[in-house]
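All of these numbers come straight from a predicted model, not from anything done at the bench. A, B, ... follow the sequence lines: proteins, then strands. Residue 1 opens every chain.
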Amino acid sequence: MDEGLFCLEERSMVDLEKMRHSAAHVLAQAVVQYLGSTVKLGIGPAIEDGFYYDFELPRSLAPEDLREIEKLMSRIVEADLPFVREELPKAEARKLFAQLAQTYKVELIDDIPDEVVSVYRQGDFVDLCRGPHVESTGKIGAFKLLSVAGAYWRGDSDRPMLQRIYGTTFPTAEELQGHLERLEEAGRRDHRRLGRELDLFSVSDEVGPGLILWHPKGAMVRKVIEDFWRAEHIRRDYDLVNTPHVGRLDLWKTSGHWDWYRENMFPPMNIDDQEYLLKPMNCPFHIMIYKSDLRSYRDLPLRWGELGTVYRYERSGVLHGMLRVRGFTQDDAHIFCQPDQLEAEIVGVIDLAQYMMQTFGYDRYDVELSVRDPLRKEKYVGGDEVWEMAEGALIRALEQKGVPFKRMEGEAKFYGPAIDIKVKDALGRPWQGPTIQVDFNLPERFDMEYVGADGQRHRPVMIHRAVLGALERFIGGLIEHYAGAFPVWLAPVQAVVIPIADRHLPYAETVLARLSEAGIRANVDGRREKINYKIREAQLQKIPYMLVVGDQEASVQAVAVRLRSGENLGPIGVETLIEKAVSQMESRSLKLS
RNA sequence: GCCCACGUAGCUCAGUAGGUAGAGCACAUUCUUGGUAAGAAUGAGGUCACCAGUUCGAUCCUGGUCGUGGGCUCCA
């Protein structure tokens, strides 16, 4: 990239942040004007696409209030009040905000280690703030308030719930408009909306929240992904296993989940005087398979994969379509290996993850390596040597694959270091991608062993890994990534044959028979409707191939092909079309042709 | 779980200052046999989320429950 351009972008990002932060101050001033001096201010930072400000208010806000507050903000912007920075000793600042009865600000001041703090004033409004700000309120561009939401003071659910107003601002009205349009586009891609429109899945009150019903078309997409997943794992020397949905509570006591994960589990059920649990994870079952036999170092590594359905109790407020649910199927696998095999195994998993992400069209991602907090080593199970061995293996594996990564100190779970891949979708939004987690805890708790070349018993290393994560979340994400227009290999219906008149129906059926024989998922739209109507419907269903058949086509064993893109390819021989579609399926092409 | 908003036909939404409701799309029937994004007519379809309360009378007011959405928090 051109360096000058880069600098320019860098600078404008800083400016944008300054402007957004300044807009937050203007919002706060407007809210105080609107609701009076009993308003208590929380914090008001710039965020990725705008800004917010948290308030404790005498009453709750309605959407109409946002319009009034916006008007007041416009007046403040028009008045072009200068932002004036002032530095004062902590004690003095404390007194100032105590006088204003700004208890949250006083709390913030008490937490600032420096002796001098800065405040910014615009007009009669003053706020504790590190800055920087734009010179005056007139420098704030086009803005809009978007929503009101609840937010705990300092994110702590034991502290008061404040009202948060979200807004956004851009240098120009056009850029603001562009952003609002992107939000609309995200809304159009919403998997919940597309899930209904494309008849992929639903959630039923009667069944229960957070439980997904896969309709035939959604189930087909899932089936294709599962087939791909299984085939790819078998190809890479994994073995597949299957384990039940429930198991004895004692198993979860041994694993430790009952102690540290209980709030996320469904309560136990009593069967024949024994407590059973709906499984929140697959690992203990895989471990029991491991322990069903005495293992030799010659058996390792063992790679066992399962599309395992688990149930986790999620608090009602966090459920969201297919993305956050209470029952889901993980593409789980556990690798049991010797310590010196760890690096090679991690390389293999990274390679698999990259291949699968790329196949689904996720070509942008960030990799994070979660390691121990070096200052609090006592929080973690396992000694220094195992952690250093494992961290070293992960780092060497990443380097071997040439993957740039960010080291996240203190982000590791207590039981081992991990690699997390965050993918970006077509709209540049981040999604949780593949995860690779080393575990020193479970092999210990379950007393897992293998017999080494020396005839002695040794502890295996365990790796948990998921590439897709959960099928529900992954497919929900795919729906949004593709905006519902699945590539041919994934499309639940790949082709629809559209006869022009009743007399073309028999020919349409012969075309369908040929397509089905070739493994193409297709149907005939034989309704007594005009083709405009049928095309429109197929188009809305985002079916890749629309095959119109009339007298001309029937006479030469052809179909007139219209692609979902709107491109009309004209008449093509049936066999040629089949070849084309099959080649798209086999190559898992992301581009329709 | 917490804060706020919302819940009317399969879907998207109107509506009633309290007197048991309406549109468009979808669906059914009939007419139309039409060459690349909506042909026409007719019809069927709702315990206005559920449970209490106030009222002569509640879809509308009040309370509760369930669910959904935007957040907080958490995670696959």
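With A/Gln539 as the partner, the side chain to side chain donor-acceptor pair (under 3.5 Å) test is satisfied by one option alone out of A/Arg564, A/Arg562, A/Lys534: A/Arg562.
One can place NE2 of A/His334 at 12 Å from P of B/A76, the figure rounded to the nearest angstrom. With rounding to whole Å, A/Glu537 atom CD is found 17 Å from B/C11 atom P. As rounded to whole Å, 13 Å separates atom C1' of B/C2 from atom CD of A/Gln163. Put simply, CG on A/Asp551 is 12 Å from C1' on B/G34, counting in whole angstrom units. For the pair A/Glu197 CD and B/A26 P, the interatomic distance rounds to 14 Å; values are reported in whole Å. As a whole-Å value, the separation of A/Arg324 CZ from B/G1 P is 13 Å. Residue A/Leu505 contributes atom CG, which lies 17 Å from atom P of B/G35 at whole-angstrom precision. Atom CG of A/Asp65 is separated from atom P of B/C4 by 14 Å (rounded to the nearest Å).
The P atoms of B/A5 and B/G43 are separated by 42 Å, rounded to the nearest whole Å. The C1' atoms of B/C56 and B/C11 are separated by 38 Å, rounded to the nearest whole Å. Spacing between B/U8 and B/C50 at atom P, rounded to whole Å, works out to 10 Å. Between B/A17 and B/A58, the two C1' atoms lie 15 Å apart (nearest whole Å). Taking atom C1' on both nucleotides, B/A14 is separated from B/C25 by 15 Å, rounded to a whole Å. Distance check on atom C1': B/C48 versus B/G22 gives 12 Å, rounded to whole Å.
Two residues, A/Glu553 and A/Gln330, neighbour RNA chain B, and the one matched to the more 5' nucleotide by heavy-atom proximity is A/Glu553. Each of A/Val325 and A/Ala560 was matched to the nucleotide of RNA chain B holding its nearest heavy atom; the match closer to the 5' end belongs to A/Ala560.
Counting any heavy atom pair closer than 4.0 Å across all strands shown, A/Tyr166 reaches sugar-phosphate atoms only and no base atom. Across all strands shown, A/Gly155 has heavy atoms under 4.0 Å from sugar-phosphate atoms exclusively, and none from any base. A/Arg164 comes within 4.0 angstrom of the backbone, heavy atoms only, and of no base. Residue A/Glu472 is out of contact with every strand shown, counting any heavy-atom pair closer than 4.0 Å. When heavy atoms are screened at a 4.0 angstrom cut-off, A/Gln539 is found touching base atoms of the nucleic acid. A/Gly469 comes within 4.0 angstrom of sugar-phosphate atoms only, judged by non-hydrogen atoms across all strands, and of no base. Heavy atoms of A/Tyr313 sit under 4.0 angstrom from primed sugar atoms or phosphate atoms, though from no base atom.
Among the nucleotides B/G70, B/C75, B/C2, the one closest to the side chain of A/Glu314 is B/C75. When the nucleotides B/C3, B/U73, B/A76 are ranked by their closest atom to the side chain of A/Val318, B/U73 comes out on top. Out of B/A76, B/G34, B/C72, the shortest distance to the side chain of A/Ala501 is found at B/G34. Closest approach to the A/Tyr152 side chain among B/G35, B/C74, B/G1 is made by B/G1 (side chain taken as heavy atoms from C-beta onward). For A/Asp502, whose side chain is taken as the heavy atoms from C-beta onward, the closest listed nucleotide among B/G70, B/G34, B/C75 is B/G34. Taking every side-chain heavy atom of A/Ala151 into account, B/C72 is the closest of B/G70, B/G35, B/C72.
Salt bridge present: A/Arg188 and A/Glu185 bring a charged side-chain N and a carboxylate O closer than 4.0 Å. Salt-bridge annotation for A/Asp439 and A/Lys413: absent, with no side-chain N of the basic residue lying under 4.0 Å from a carboxylate O of the acidic one. Comment: A/Arg154 does not engage A/Asp156 in a salt bridge, judged by the lack of any side-chain N to carboxylate O separation of less than 4.0 angstrom. A/Glu472 and A/Arg324 are not joined by a salt bridge, as no carboxylate oxygen comes within less than 4.0 angstrom of a charged side-chain nitrogen. Using a cutoff of 4.0 Å between basic side-chain nitrogens and carboxylate oxygens, A/Glu345 and A/Arg465 are not scored as salt-bridged. Ion pairing of A/Lys406 with A/Glu411 is absent here, as no side-chain N (NZ or NE/NH1/NH2) approaches a carboxylate O to less than 4.0 Å.
Between A/Trp258 and A/Leu277, the closest side-chain pair of non-hydrogen atoms falls below 4.5 Å. Using a 4.5 Å cut-off on side-chain heavy atoms (C-beta onward), A/Tyr166 and A/Ile47 make contact. Between A/Lys580 and A/Val561 there is no side-chain heavy-atom pair separated by less than 4.5 Å. With contacts defined as side-chain heavy-atom distances shorter than 4.5 Å, the pair A/Leu200/A/Met322 does not qualify.
Phosphate proximity of B/C27 to A/Arg527: present, with a side-chain N or O under 4.0 Å from OP1 or OP2. OP1 or OP2 of B/C74 has not a single side-chain nitrogen or oxygen of A/Arg312 nearer than 4.0 Å.
For the residue pair A/Gln437 / A/Thr435, no side-chain donor-acceptor distance below 3.5 Å is found, with atom types taken as modelled. Donor-acceptor pairing under 3.5 Å is recorded for the side chains of A/Tyr104 and A/Glu56.
For residues 351-365 of chain A, proximity to RNA chain B is found at no residue, defined as any non-hydrogen atom under 4.0 angstrom from a strand atom.
Within the 3.5 Å criterion, the main-chain N or O of A/His481 finds a donor-acceptor partner in the side chain of A/Arg189.
Listed by first residue number, the stems of RNA chain B with at least three Watson-Crick or G-U pairs below 3.5 Å are B:1-7 with B:66-72, B:10-13 with B:22-25, B:27-31 with B:39-43, B:49-53 with B:61-65.
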Which pairs of donor and acceptor atoms, one on a side chain in residues 424-434 of chain A, lie under 3.5 Å apart (sequence neighbours left out)?
residue: A/Asp425; atom: OD1; partner: A/Leu427; partner atom: N; Å: 2.8
residue: A/Asp425; atom: OD1; partner: A/Gly428; partner atom: N; Å: 3.1
residue: A/Asp425; atom: OD1; partner: A/Arg429; partner atom: N; Å: 2.9
residue: A/Asp425; atom: OD2; partner: A/Arg429; partner atom: NE; Å: 3.0
residue: A/Asp425; atom: OD2; partner: A/Arg429; partner atom: NH2; Å: 2.8
residue: A/Asp425; atom: OD2; partner: A/Trp431; partner atom: NE1; Å: 2.9
residue: A/Arg429; atom: NH1; partner: A/Glu480; partner atom: OE1; Å: 3.2
residue: A/Arg429; atom: NH2; partner: A/Glu480; partner atom: OE1; Å: 3.2
residue: A/Gln432; atom: OE1; partner: A/Lys422; partner atom: NZ; Å: 3.2

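Listed by first then second residue, pairs satisfying side chain to side chain donor-acceptor pair (under 3.5 Å) with a partner in residues 358-371 of chain A read A/Gln354-A/Tyr365, not counting sequence neighbours.
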**Prompt:** Using a cut-off of 4.0 Å between protein heavy atoms and nucleotide atoms, how would you tag nucleotides 38-47 of chain B 5' to 3' with B, S and -?
**Reply:** BB--------

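With hydrogens and angles left out, the side chain of A/Arg473 and the base of B/C75 share a donor-acceptor pair within 3.5 Å.
Under a cutoff of 6.0 Å and an axis angle of 45°, A/Arg20 and A/Phe170 form a cation-pi pair.
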Between the protein and nucleotides 67-69 of chain B, list the N/O to N/O atom pairs that are separated by less than 3.5 angstrom.
residue: B/G67; atom: O2'; partner: A/Asp205; partner atom: OD1; Å: 2.9
residue: B/G67; atom: O2'; partner: A/Asp205; partner atom: OD2; Å: 3.4
residue: B/G69; atom: OP1; partner: A/Arg192; partner atom: NH1; Å: 3.1
residue: B/G69; atom: O3'; partner: A/Arg192; partner atom: NH1; Å: 3.4

